[in-house]
Amino acid sequence: MNGALVNGRPSSGVSLHDRGFLYGEGVFETIAVRDARPLNLDRHLARLSRGCERLSIPPPDPGLLSSEAHRLMGDHDRAVLRIMVTGGEGDRGYAPPVARSPNRILMISPWPDRLERFGTRGISVTVCRTRLALNPPLAGIKHLNRLEQVLARSELGGEYQEGIVRDMEGNVVEGTSANLMLISRERLVTPDLSRCGIEGIMRDRILEAASLLGIPVEIRIVPLEEVLGAETLFFTNVVVGMRHVSRVGDRDFDVHPWVEALRATVQRREAGSGMTET
């Protein structure tokens, strides 16, 4: 099922002089495809544009990206779509070229089998040694430099399905590839991401669902001690949806009724919006 478009043409690579390849200059989106439709496409394209603007890369036309995405997906019922925009080619050195010519890259890949193997079971989680640097100018966006996440993910081995990642001050930020949420003292709590971390699409949808359900929400600095003492933990991203944590170390976690209520509300709103709208 694998396939790719580079600037609208079938291709399997980019130039060795591409700044995304050389310096990680660029942004990306990972989009769940269900029933041959990309979920939350408008939200993904909006975040992609914000990321481009943060990096001073001219953002592609959202309508063009949407057209190319549907062309690449074809009739795939379930898949994962990745959209990347890089800084394009330039001369040697960090300074960007005066005349920017970004590259847009779309790739389609099969739905991960591992998600079906785990089903709805809770996952086992560890606390990673790798820390995230505080970097407000890059906070929130999905830029191409994922080395911190690569290092954190390498700590999991085959024993754990996710890891809790902290910042340099020891506060919890997110998982290796997902946002973290917890239910503590009858509040839905999620870490503030203004200094590092990714503002996930599914995280946003769950926060909106919480508002509709009247669930109190707190977005703030979260120490590790509070996470380990919470009633319920769960990770979120657009591919796994919501995955509750059953164990961290020797600590077991229950599933609060809010988790199912939030999941049902998000799914209902996605279905009601035709699954491509916000």
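Being a predicted model, the structure only gives us computed values, none of them experimental.
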Shortest non-hydrogen pair, Ala209 vs Val266, comes out as CB-CG2, 4.0 Å

Exceeds 12 heavy-atom contacts within 6.0 angstrom, atom CG of Asp91 = no

*asked:* For Tyr23, is there any backbone N or O sitting under 3.5 Å from a side-chain donor or acceptor partner on Tyr94?
replied: no

State, with a plain yes or no, whether a side-chain heavy atom of Leu5 is found less than 4.5 Å away from one of Pro10. yes

*asked:* When you compare the side chain of Glu68 with that of Arg104, does any pair of heavy atoms fall below 4.5 Å?
replied: yes

Quick note, salt bridge (charged side-chain N to carboxylate O under 4.0 Å, His left out) partners involving residues 13-24, not counting sequence neighbours, are Arg19-Glu25

query: Side chains of Met181 and Ile206: closer than 4.5 Å at any heavy-atom pair?
result: yes

Quiz item: Can you tell if the side chain of Pro110 reaches within under 4.5 Å of the side chain of Val80, non-hydrogen atoms only?
Solution: no

Quick check against the 3.5 Å criterion: does Arg54 have a side-chain atom that pairs as donor or acceptor with the backbone of Ala139?
yes

Can Glu169 and Arg195 be counted as an ion pair, charged N to O under 4.0 angstrom?
yes

**Study point:** Donor-acceptor contact below 3.5 Å, side chain Glu174 vs main chain Ile198
**Key:** yes

Note to self: Side chains of Thr176 and Glu162 only: does a donor on one sit below 3.5 Å from an acceptor on the other?
What the structure shows: yes

Is Arg247 paired with Asp252 through a side-chain N to carboxylate O contact shorter than 4.0 Å? yes

On a heavy-atom basis, the closest approach of Ser246 and Gly122 is OG-C, 3.6 Å

Are Leu228 and Leu182 linked, directly or through other ILVMFWY residues, by side chains that come within less than 4.5 angstrom of each other? yes

For residues 246-268, the ring-ring contact (aromatic ring centres under 6.0 Å, His included) pairs (sequence neighbours left out) are His256-Trp258

Heavy-atom closest pair (Glu89 atom, Ser15 atom, distance to 0.1 Å) is OE2-CB, 3.3 Å

_Is it the case that the side chains of Asn179 and Asn237 hold a donor-acceptor pair, with the cut-off being a distance below 3.5 Å and no angle test?_
no

_side chain to side chain contact (heavy atoms under 4.5 Å, CB included) assessment of Val222 paired with Asn171_ = CA-CA 6 Å; Val222 182; Asn171 296 307; over 6 Å; no

In terms of heavy-atom contacts, Arg100 and Leu55 come closest through NH2-O, 3.7 Å

Donor-acceptor contact below 3.5 Å, side chain Arg82 vs main chain Ser109
no

Treating Ser67 as the side-chain partner and Leu64 as the backbone partner, does any N or O pair qualify as donor plus acceptor under 3.5 Å? no

| For the side chain of Arg205 and the backbone of Leu207, is there at least one donor-acceptor N/O pair under 3.5 Å apart? | no

Q.
With a 4.5 Å cut-off on side-chain heavy atoms, are Ile83 and Leu48 touching?
A. yes

Hey, does Glu199 have a side-chain heavy atom less than 4.5 Å from the side chain of Ile141?
-> no

Given the options Asn40, Asp61, Leu65, Leu45 meets side-chain contact (heavy atoms from CB on, under 4.5 Å) only with Leu65

Subject >> Any side-chain heavy-atom pair of Val217 and Ser211 under 4.5 Å >> reply: no

- prompt: Do the charged groups of Glu226 and Arg185 touch, with an N to O distance under 4.0 Å?
  reply: yes

So does Arg78 get a backbone contact from the side chain of His76, meaning a donor-acceptor N/O pair under 3.5 Å? no

Which donor-acceptor pairs under 3.5 Å do the side chains of residues 125-132 make with protein atoms, sequence neighbours left out?
unit_1	atom_1	unit_2	atom_2	d
Thr130	OG1	Glu155	OE2	2.6
Arg131	NH1	Asp167	O	3.1

Q. Can you check whether Val227 reaches Leu180 side chain to side chain, under 4.5 Å on heavy atoms?
A. yes

Would you call Arg43-Glu208 a salt bridge at under 4.0 Å N-O?
yes

